[in-house]
Amino acid sequence: MGETKMVHFLGDIPGLAEELIRKMILNNSKCSITGRWFKQVKSLLATELEFIEQQPVLFDAELVSHHDIVLYFQFSSGGSSVVEEINFGCDVILITDKLVETEHSSDDVKVIQLQDMVSYSSIESISNEQLDHYLQGCLSNKGYSKFTSEKFWWVSQQDVAACLEKLVANELDIPNQLFLCGRRGWTGQDTFQQLEMLYQRTKAGASGRFETNHLAPKPVINPVLQDVSSVKQAMRPDLSAINEALVAIDGEGWRPITPLRTSLMHYLAAKEANYSV
């Protein structure tokens with residue numbers, strides 16, 4: 001029987017990587033975590049760790065063997081994404097929401113390019129630049145008026161983590177570069193309306209001052225018709241490669257299942273400490 005592979009988590013761990021680590025340790029996978037976040041992740045997952053055999057370990061380059069997988073997460077703001085530590089002698093997957101130069105991908109370094117992921121973390125604040133702007137409009141009670149014709153392809157952090165878990169567990173020969181986002185496009189105005197509605201409900205719940213309008217059913221789709229000339233023909237990233245990879249695993253393909261409202265509720269919950277929602 002071959003040696004069990006270990007998955008090494010490097011880079012920006014709060015948020016997506018944290019969620020993926022939880023999924024993997026519950027499946028008794030062997031994991032190592034970069035030193036900067038090791039203690040905080042173990043503390044966060046303390047309850048789960050009481051019931052599993054394979055405890056995550058502190059990352060050490062000497063632990064990496066040729067059949068392991070290195071997951072390198074880059075979500076820090078500014079600049080393009082660059083992998084500085086790619087000479088591990090095993091498969092490396094860079095997961096990033098930044099632009100990646102194609103020459104950084106090779107047979108040993110795969111790139112998964114994320115777009116419009118709704119991220120959240122209980123470790124520290126994670127930036128969702130556009131959603132953060134919308135939330136500021138909610139907090140100020142002034143609304144938001146700087147909408148453009150751009151569409152957003154929102155996808156839950158939970159669905160992205162589930163997708164990554166499948167890819168890692170099945171050791172597929174995936175393409176050098178994959179794109180990952182939601183399937184459905186949302187205008188900025190529709191996104192803000194959903195966030196504002198959830199923010200007002202959360203605020204009412206925290207204060208105990210619910211009113212009829214807080215509990216009234218709200219449609220997910222804005223029924224107001226828009227002039228076709230004001231709607232930009234949005235270009236969604238090509239999801240064919242990730243869909244084909246997942247079809248090869250379970251026949252299901254890329255089918256994110258978390259509704260936007262649920263994703264936004266997780267987002268608001270993660271912001272509660274900083275924003276007093």
Closest approach of L198 to M265 (non-hydrogen atoms, all atoms of both residues):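 Smallest interatomic distance, heavy atoms only, reads CD2-SD, 3.6 Å.
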Examine the side chains of W154 and S263 and answer whether a donor and an acceptor come within less than 3.5 Å of each other.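 There is no such pair (donor and acceptor under 3.5 Å, judged by atom type) between the side chains of W154 and S263.
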Between T191 and F147, is there a side-chain heavy-atom distance shorter than 4.5 Å?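 SC-SC contact between F147 and T191 ruled out.
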Would you sort out whether H8 and I69 count as a side-chain contact (heavy atoms from CB on, under 4.5 Å), showing the intermediate values? CA-CA 6 Å; H8 306 276; I69 296 178; over 6 Å; no
Would F73 end up clustered with L58 when hydrophobic side chains under 4.5 Å apart are linked, directly or stepwise?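 Yes, same cluster.
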Looking at side-chain heavy atoms only, is the closest gap between V7 and M24 below 4.5 Å?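 Contact flag for V7/M24 side chains = yes.
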Can you name the closest pair of heavy atoms from G253 and D250 and give their distance?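 Closest pair (atom of G253, atom of D250, distance): N-OD1, 3.9 Å.
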Below 4.5 Å, heavy atoms only, C-beta onward: do V111 and N176 meet side chain to side chain?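 With C-beta onward as the side chain, the pair stays apart.
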Under 4.5 Å between side-chain heavy atoms, counting indirect links through other Ile/Leu/Val/Met/Phe/Trp/Tyr residues: same cluster for I21 and L44 or not?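 As far as the 4.5 Å side-chain criterion goes, L44 and I21 are connected within one cluster.
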Quick one: NZ on K5 to SG on C90, what's the gap to the nearest 0.5 Å?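 Here the interatomic distance stands at 11.0 Å.
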Flag the pair L10 / V70 as yes when at least one side-chain heavy-atom distance between them is below 4.5 Å, and no otherwise.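 Contact flag for L10/V70 side chains = yes.
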Between Y72 and D12, is any side-chain donor less than 3.5 angstrom from a side-chain acceptor?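 Distance-only check fails for Y72 and D12.
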Backbone N/O of Q113 and side chain of T96: donor-acceptor pair under 3.5 Å: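 No; judged by distance alone, with no hydrogens or angles, the pair does not exist.
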Is the shortest heavy-atom distance from the side chain of Q194 to the side chain of L264 under 4.5 Å?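 Counting from C-beta outward, Q194 and L264 do come under 4.5 Å.
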Answer yes if M197 and W186 sit in the same cluster of Ile, Leu, Val, Met, Phe, Trp and Tyr residues linked by side chain heavy atoms under 4.5 Å apart, and no otherwise.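 In one cluster with M197: W186, yes.
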Do L239 and V247 land in one hydrophobic cluster if side-chain heavy atoms of ILVMFWY residues count as linked below 4.5 Å?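 Hydrophobic grouping puts L239 apart from V247.
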Would you say that L167 contacts L246 through its side chain, given a criterion of any heavy-atom pair below 4.5 Å between the two side chains?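 They are in side-chain contact.
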Would you call K110 and D91 a salt bridge, taking side-chain N to carboxylate O under 4.0 Å as the test?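 Salt bridge absent between K110 and D91.
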Check the pair F192 / C138 against side-chain contact (heavy atoms from CB on, under 4.5 Å), numbers first and verdict last. CA-CA 9 Å; F192 177 75; C138 297; 3.9 Å; yes
If you look at every heavy atom in I52 and Q55, which pair is closest and at what distance?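 Result for this residue pair: O-NE2, 3.3 Å.
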N141 and Q200: side-chain contact (heavy atoms from CB on, under 4.5 Å), yes or no, with the steps? CA-CA 10 Å; N141 292 318; Q200 293 299 338; 4.3 Å; yes
If you measure from NZ on K42 to CG on L45, what distance do you get to the nearest 0.5 Å?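 Interatomic distance, K42 NZ to L45 CG, rounded to 0.5 Å: 10.0 Å.
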Show the nearest heavy-atom pair for residues S119 and Y267, with the distance to one decimal.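 The answer is O-CD1, 4.0 Å.
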With the threshold set at 4.0 Å, does a side-chain nitrogen-carboxylate oxygen contact exist between D132 and K271?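 Answer for the salt bridge query: yes.
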Minimum heavy-atom separation for K151 and D116, please, with both atom names.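 Heavy atoms of K151 and D116 come nearest at O-OD2, 4.5 Å.
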Mind checking ring-ring contact (aromatic ring centres under 6.0 Å, His included) for F179 and listing every partner two or more places apart, or none if nothing turns up?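 For F179 there are no ring-ring contact (aromatic ring centres under 6.0 Å, His included) partners, ignoring immediate neighbours.
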Per-pair distances, 0.1 Å, donor-acceptor, side chain in residues 157-165, under 3.5 Å, sequence neighbours excluded:
residue	atom	partner	partner atom	Å
Q157	OE1	Y120	N	2.9
Q157	NE2	G15	O	3.4
Q157	NE2	E19	OE1	2.7
Q157	NE2	Y120	O	3.2
Q158	OE1	Y120	OH	3.4
Q158	OE1	S156	OG	3.3
D159	OD1	I257	N	3.3
D159	OD1	T258	OG1	3.4
D159	OD2	I257	N	3.1
D159	OD2	T258	N	3.0
D159	OD2	T258	OG1	3.2
E165	OE2	N27	ND2	2.5

In Å and rounded to the nearest 0.5 Å, what is the OG to CG distance from S121 to L16?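 Between atom OG of S121 and atom CG of L16 there are 10.5 Å.
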To the closest 0.5 Å, what do you measure between CD (E18) and CD1 (I33)?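 So the CD of E18 and the CD1 of I33 are separated by 10.0 Å.
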Keeping S43 on the side-chain end and K39 on the backbone end, is there a donor-acceptor pair under 3.5 Å?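 No, the answer is negative, given that no donor and acceptor are paired below the 3.5 Å cut-off.
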Give the intermediate values and the outcome of side-chain contact (heavy atoms from CB on, under 4.5 Å) for residues L94 and I112. CA-CA 6 Å; L94 168 65; I112 297 180; over 6 Å; no
Any side-chain heavy-atom pair of F51 and L26 under 4.5 Å: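 No; the side chains remain at least 4.5 Å from each other.
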Membership question, hydrophobic clusters at under 4.5 Å side-chain separation (ILVMFWY): are M6 and F9 in the same one?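 No, separate clusters.
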Please report the interatomic distance OG(S29) to NZ(K23), rounded to the nearest 0.5 Å.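 S29 atom OG to K23 atom NZ measures 12.0 Å (nearest 0.5 Å).
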Taking all atoms of both residues into account, what is the closest heavy-atom pair of Y199 and L268, and its distance?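 So the minimum-distance heavy-atom pair works out to N-CD1, 3.8 Å.
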What distance do L63 atom CG and K30 atom NZ have between them, rounded to the nearest 0.5 Å?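 NZ of K30 is found 9.0 Å from CG of L63.
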4.5 Å side-chain heavy-atom contact, W37 and F59: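 No - every pair of side-chain heavy atoms lies 4.5 Å or more apart.
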Go through the side-chain N and O atoms of S240 and N243 and say whether any donor and acceptor fall under 3.5 Å apart.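 No pair is found: no donor N or O on one side chain lies under 3.5 Å from an acceptor on the other.
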Would you say the side-chain atoms of R236 pair up with the backbone N or O of F152, donor to acceptor, closer than 3.5 Å?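 Here the side-chain-to-backbone pair does not exist.
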